[in-house]
K.L.:
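A single structure is presented below for examination.
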Amino acid sequence: MKLWHSFVKELQLSSKSWYFYIEVGMAVVLLLILLVAVPKETDSRTDEYLYAGDIPSDYVDLIYRGLLDDEDEDSEYERVEIKVGGDLFGADLFVTDTRNIYFVDDREAVLRLAKEDKEVGIEIIPASDGGLDYLYYLQGYESQKLKNLYMVLQNNKVNYKFVERHMDRQTVETIEKDPFVLNNRENIVPVFLTYNGSLMGLFIIAAYIFLDKKEGIAMAYAVTASKVWHYLMSKIGVMMVTTISTGLILVIPVMGARANYPLLLLLVVTTAFAFSSLGLLVTTYYRDMMQSFGAFFIIIVAMILPNVSYFAPSWEPSWIKYFPTYHILEGFKEAISIGGSAGYVVFVSIGFLAAGLLLFLFANYRFKKTLTI
Amino acid sequence: MISVKNLYHSYSNDEKYAVKDVSFEITEGEVFGFLGPSGAGKSTTQGILTGLLQLQKGDVTVAGYDIKHIKNEMFNKIGMSFEQSNVYSKMTGKENLEFYRKLFDVKTRDPQELLELVGLGDKGDIKAGEYSKGMKHRLTFARSMINNPTLWFLDEPTTGLDPSIASEIKSIIKEKNREGVTIFLTTHNMFIADELCDRVGFIVDGEIKLIDSPKNLKLQYGEKFVDVEYVDGKEAKKESLSFMEKEDIGRLKEILDSYEIRTMHTKEATLEEIFIKVTGRELV
Ligand SMILES: Nc1ncnc2c1ncn2[C@@H]1O[C@H](COP(=O)(O)OP(=O)(O)OP(=O)(O)O)[C@@H](O)[C@H]1O
Ligand SMILES: [Mg+2]
């Protein structure tokens with residue numbers, strides 16, 4: 001009951017404070033950025049430039065036919081001009097769902113594209129055994145994995161006959177029944193949820209506590225028949241309410257009914273709990289926001305790291321998995337993806353609940369010891 | 001009501017004690033004044049008694065509870081008025097009290113009634129942040145009475161208040177004491193201590209120098225002071241000397257022998273003068 005009174009009072013207080021409006025305002029700004037500035041789809045296709053002028057034309061025809069039948073989106077190729085360092089070259093453009101493939105008329109263009117524009121340049125040349133060789137012009141920093149992949153894929157001297165037979169036998173199988181890939185805009189939602197929710201929460205709960213410390217409120221609370229953990233928990237409750245509301249502000253307009261809301265809320269609540277508790281703990285080591293700034297800065301920078309691997313999947317060192325925000329990002333992604341793994345989200349949530357509980361107990365213990373500081 | 005035995009406290013957890021070997025007892029219904037200069041260890045002692053500071057060494061019981069294992073229910077019996085007012089500045093005076101009363105399990109007093117008692121009757125709907133320093137102090141004071149405490153801690157209750165309000169606060173304290181409330185009063189102000197306290201403890205540098213009633217102290221020291229005004233060259237000088245001290249008696253003889261006396265009369269020592277005599281320290 002006292003916990004409830006404290007919680008209601010904290011809610012009233014926070015509705016009178018700047019921080020609440022900063023959080024909600026931030027959420028609205030982020031939403032606007034998502035809706036206005038981030039297009040649903042950017043052209044994420046990679047460009048490939050090929051030169052096939054040195055191989056027999058029926059080979060070329062076969063390759064073209066293969067592309068048009070199986071991959072090209074409108075089953076037609078376009079005649080385009082591409083610009084390389086001020087010079088124009090003619091090319092045939094095939095657009096597939098992942099790639100823009102240019103068959104360039106001039107070999108020089110492929111070389112220059114690779115050299116000057118750091119594009120992928122490929123030359124198809126006749127092999128001595130009557131097959132085809134693929135000559136890749138790479139940049140030098142590609143991983144050995146990628147090089148091996150190219151080797152296996154194409155460079156093991158593919159025989160024309162074999163190619164033809166192979167193409168005829170190819171069937172495409174869909175592994176996932178209903179593949180659902182987040183579009184660009186949706187893909188950013190987990191990031192905003194994580195940082196506007198957990199990390200802002202970390203900061204703002206600390207701001208609330210330091211404000212109270214300055215006013216001596218915590219001391220006044222400590223000499224009542226209510227427990228200090230009620231006071232701390234009601235602050236966390238307020239952070240949960242703000243995190244839920246700002247989270248929904250972000251998710252509903254972007255995702256509509258597609259997100260799994262119970263899962264989403266579970267993760268929002270448990271991560272808000274863990275990070276607010278961490279914020280509480282930090283406040284027990286410092287007198288005011290200024291002094292604690294260094295600690296918060298380190299925490300925030302560390303927690304933002306997984307963001308890099310989220311957007312650049314090629315950079316995903318194994319240690320990044322030890323950063324909690326990595327799992328928050330992935331968890332939110334699962335929670336808003338159709339067919340996302342509920343098991344993972346629940347598992348991560350339980351983890352944050354447990355971590356939050358430990359942090360909270362420790363913060364409460366320290367808080368009581370440092371009331372007068 | 002309060003029993004303190006061999007209490008030590010060090011903020012740095014070493015031998016640098018802010019409070020050293022402090023022992024005293026306060027009986028039910030008593031007003032006990034804790035007097036000492038700034039930094040003497042008054043707030044530290046009070047902090048330990050109210051659980052705000054962890055007990056490090058010593059035995060302390062407050063209102064029947066052992067402070068080693070503090071129970072929250074203990075605070076149903078305790079009121080605490082802080083030296084520095086600490087109220088929610090974003091809430092009105094009345095809201096502050098309304099919220100605070102919900103944190104106790106016992107019958108609480110009506111906020112409006114309390115506000116009127118401390119002269120804030122018409123200020124209840126103003127945010128505490130807009131109160132003056134003295135008004136905030138009175139709100140903090142009023143709040144400490146909300147749970148009808150039987151043990152009341154008051155840290156500098158009248159400091160910074162104008163005299164008429166200070167005297168109202170004093171009469172509230174006297175009234176409460178008449179109702180049987182035990183009061184632990186911390187102050188620099190010897191007049192207030194003299195007026196309100198049944199017994200006073202002098203604390204200096206974390207150590208208690210003396211505990212006695214103002215009445216006893218004055219019996220011991222009273223009427224034994226002499227104020228002497230004399231002329232030294234062209235200058236008029238004044239000194240307060242005690243008949244109790246050998247040194248002072250010698251000094252008095254010296255003055256009588258060497259200077260022209262203007263006035264000289266005996267008087268009752270003030271608590272402040274007694275404090276200085278006993279501890280050798282000014283009460284600043
Ligand atoms: N939080 C703290 N950390 C470290 N030292 C402290 C702390 N609070 C008080 N002290 C030290 O402990 C000693 C006693 O301080 P305390 O506040 O108890 O004095 P006081 O008698 O209440 O003084 P005042 O009349 O100025 O309120 C002082 O030397 C002070 O510097
Ligand atoms: Mg003090």
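Quick note: numbers below take in every heavy atom, side chains included, and nothing from hydrogens, waters or symmetry partners. What you see is a predicted model; the values in this text were computed from it and never measured. In the text below, chain A, chain B and the rest are named by the order of the sequence lines, each starting its count at 1.
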K.L.:
Less than 4.5 Å to any heavy atom of chain A: does that hold for the side chain of B:F153, its backbone, both, or neither?
P.N.:
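Neither part; nothing is under 4.5 Å.
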K.L.:
Checking side-chain contact (heavy atoms from CB on, under 4.5 Å) between A:S234 and each of A:K2, A:E10, A:M239, which is the one that passes?
P.N.:
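Filter result, single survivor: A:E10.
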K.L.:
Chain A heavy atoms under 4.5 Å from B:F99: which part of the residue, side chain, backbone, both or neither?
P.N.:
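Answer is side chain: those atoms of B:F99 sit under 4.5 Å from chain A.
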K.L.:
Less than 4.5 Å apart, side chain to side chain, heavy atoms only: is that true for B:L55 and B:L7?
P.N.:
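Yes, side chains in contact.
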K.L.:
Can you say whether B:F104 sits under 4.5 Å from chain A via the side chain, the backbone, both, or neither, judging by heavy atoms?
P.N.:
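Its backbone and side chain both get close to chain A.
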K.L.:
Go through A:K9, A:K368, A:K214 and name the one with the most non-hydrogen pairs under 4.5 angstrom from chain B.
P.N.:
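Top option by heavy-atom pairs under 4.5 Å: A:K9.
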K.L.:
Would you check, one step at a time, whether the test side-chain contact (heavy atoms from CB on, under 4.5 Å) holds for A:M303 with A:I300?
P.N.:
CA-CA 5 Å; A:M303 293 301 148; A:I300 299 263; 5.8 Å; no
K.L.:
Based on non-hydrogen pairs under 4.5 Å, which of B:I78, B:L103, B:V106 is most in contact with chain A?
P.N.:
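Most heavy-atom pairs within the cutoff with chain A belong to B:L103.
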K.L.:
Can you say whether B:S85 sits under 4.5 Å from chain A via the side chain, the backbone, both, or neither, judging by heavy atoms?
P.N.:
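Contact with chain A involves the backbone of B:S85 alone.
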K.L.:
Does any non-hydrogen side-chain atom of A:Y365 lie less than 4.5 Å from one of A:L361?
P.N.:
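Result no, sub-4.5 Å side-chain heavy-atom pair not found.
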K.L.:
With a 4.5 angstrom heavy-atom cut-off, is it the side chain or the backbone of B:Q54 that approaches chain A, or both, or neither?
P.N.:
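Interface part for B:Q54: side chain.
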K.L.:
Are B:Y65 and B:K77 close enough that some pair of their side-chain heavy atoms sits under 4.5 Å apart?
P.N.:
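B:Y65 reaches B:K77 side chain to side chain.
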K.L.:
Check whether any side-chain heavy atom of A:Y326 lies under 4.5 Å from a side-chain heavy atom of A:Y310, and answer yes or no.
P.N.:
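A side-chain contact under 4.5 Å is absent here.
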K.L.:
Contact part of B:E98 toward chain A, heavy-atom cut-off under 4.5 Å: side chain, backbone, both or neither?
P.N.:
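Neither the backbone nor the side chain of B:E98 comes within 4.5 Å of chain A.
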K.L.:
Is there side-chain contact between A:S6 and A:Y221, with at least one heavy-atom pair below 4.5 Å?
P.N.:
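Side-chain contact under 4.5 Å: yes.
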K.L.:
What residue in B:N72, B:L52, B:L53, B:V87 has the most heavy-atom pairs under 4.5 Å with chain A?
P.N.:
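Answer, by heavy-atom pair count under 4.5 Å with chain A: B:N72.
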